[in-house]
Amino acid sequence: MRIMSIVGARPEFVQAAPVSRALRRNHVEVLVHTGQHYDHAMSQAFFDDLGIAAPDYNLGVGSGPHGQQTAAMLVGIERLLIQEAPEMVLVRGDTNSTLAGALAAAKQGVPLAHIEAGERCHDRRMPEEINRLVADALAGLHLCASQTGMRNLACEGLSGAAHWVGDVMLDALLHYLPLARSRPSVLGRLGLEQGRYALVTVHRAGNVDDPARLGAIVDALNRAPETVLFPVHPRTRVALDRAALRFADHVRAVEPVAYLDMLTLEEGARLIATDSGGVQREAYYLKVPCLTLRDETEWEETVAAGWNTLVGVDPERILEAWAGCSPPTHHPDIYGDGTASERIVRILEGGVQTPDALERPTLAGEQGACGLEIEVAR
Ligand code: UD1
Ligand code: UDP
């Protein structure tokens, strides 16, 4: 098989690494980097740590408003699809690079597979929710990390080509953790003590671009009862500067860290507070309690298992949960066993349907996938 894989943002490099390794054993992968993330710390540092092949193409689209950024990706990906004629396109997650890859593939009639399909937060103000809905509507193969993802697809009438495979980010974590542990520890370099600090990441547009929400998060961190290490996403750095927000001495705001150091920092933390989808799951895999700085999460199994608490951005609520945060004893394998990538390759080898061949929502009078009566106006 000849597969075009689209990546562009930090989590996609991590998601791509294990799949790329499994795929390249018997197949050809054409790796396209849209250039959505481009700072060394947001892109090349990941290729270095993960040891993934350099992209065959980098579209260099950079930052910009959603329309401009996505449009530039569409133009570039469409050109490459015509030039490279892959048998299928692989996208993952919910970024603008995912959206552009999905749209370009669909318009060119190239079968599309979506990794991390079916995740929903049911809030369409989140740009990621729009990207997931479109990618899933267009994909001919849905590869789900969670059972909730499978159910969401069923509710949308998209269960025809959905497979539960588990989380490729768990595959990555299990593969790279021994390597991270074998290196001189970043904790020593940063003067941190194992289990005696909290790790924080914040980058969601809904938190960062709203000065009131960002101010509330900073207020909570400034009142936290322990050392806080905060690797700051570039979007957040711009917003902190714009709002002239300052940190107390125990809050250490540093540049974004590369993946292996991040695993070490996550594993060594007493608790993690984040609005990142990837970091919520990594906290779970590493058995570190997590506070999610959002009002909802796609990764609700981590909440149900007791390891993740939704705290929003109200400082009082954050600090109360912070003080009461301790690891539960039960830790079920909710997102698989770290073999999602192998499963994905086996499924891809079975072929991907074009969207028009797929089962779609049933019409009036029939039972929909959720057991609801679907009414259609005629
Ligand atoms: C994007 C994804 C988000 C994902 C996140 C991972 C979308 C809509 N959002 O958000 O789902 O969780 O990546 O980190 O695709 N910037 C730099 N250097 C870089 C990259 C970004 O300075 O290398 C700054 C720019 O000011 C840019 C801003 O960060 O405007 C936002 O970047 P962008 O890629 O648009 O969105 P993210 O917030 O990174
Ligand atoms: N990450 C990292 N360094 C950081 C912050 C995050 O290596 O400073 C990793 C993190 O461990 C996870 C991925 O980046 O593997 C998650 O990316 P991010 O939080 O930017 O996006 P999201 O998962 O929310 O889409």
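Just so you know, ligand 1 is whichever comes first in the structure, and atom 1 is the first atom listed for that ligand.
With a heavy-atom cut-off of 4.0 Å, Ser276 touches ligand 2 through backbone and side chain alike. Residue-level proximity to ligand 2 for Glu128 is absent, since no heavy atom of it falls below 4.0 angstrom.
Nearest to atom 39 (O) of ligand 1 by heavy atom, out of His37, His203, Arg204, is His37. When the heavy-atom distances from atom 18 (N) of ligand 1 to Asp39, Thr236, Val208 are ranked, the shortest goes to Asp39. Residue nearest to atom 33 (P) of ligand 1, selected from Glu128, Gln36, Arg10: Gln36 (by heavy-atom distance). Of the candidates Val254, Val202, Val257, the one placing a heavy atom closest to atom 8 (O) of ligand 2 is Val257. Among His37, Met169, Gln15, the residue whose heavy atom lies closest to atom 13 (C) of ligand 2 is Met169.
Looking only at protein heavy atoms, the nearest one to atom 25 (C) of ligand 1 is Ser63 OG, 3.4 Å. Nearest to atom 32 (O) of ligand 1 among the protein's heavy atoms is Arg235 NH1, 4.1 Å. The shortest contact between atom 6 (C) of ligand 1 and any protein heavy atom is with Pro11 CD, 3.4 Å. Pro234 CB, 3.8 Å is the protein heavy atom nearest to atom 24 (C) of ligand 1.
At least one N or O atom of Arg10 sits closer than 3.5 Å to an N or O atom of ligand 2.
With no hydrogens or angles considered, a side-chain donor-acceptor pair links Glu349 and His27 at under 3.5 Å. Remark: the Gln280 side chain and the Thr274 side chain contain no N/O donor-acceptor pair separated by less than 3.5 Å. No side-chain donor from either of Ser276 and Glu282 sits under 3.5 Å from a side-chain acceptor of the other. Residues Ser146 and Arg151 have side chains that never bring a donor and an acceptor to within less than 3.5 angstrom of each other.
A distance-only check finds a donor-acceptor pair linking the side chain of Asn152 to the backbone of Gly118 [under 3.5 Å]. Judged by distance alone, the side chain of Glu12 and the main-chain N or O of Ala9 form a donor-acceptor pair under 3.5 Å. The main-chain N or O of Asn131 is never found under 3.5 Å from a side-chain atom of Asp94 such that the two would form a donor-acceptor pair.
Distances below 4.0 Å separate heavy atoms of Met42 from the following atoms of ligand 1: 23 (O). Less than 4.0 angstrom separates some heavy atom of His66 from each of these atoms of ligand 1: 8 (C).
Using 4.0 Å as the threshold, Arg204 has a heavy atom nearer than that to some atom of ligand 2. Every heavy atom of Arg237 sits 4.0 Å or more from the atoms of ligand 1.
Ring geometry, Tyr284 versus Trp307: the interplanar angle exceeds 60°, so the pair is classed perpendicular (tilted spans 30 to 60°).
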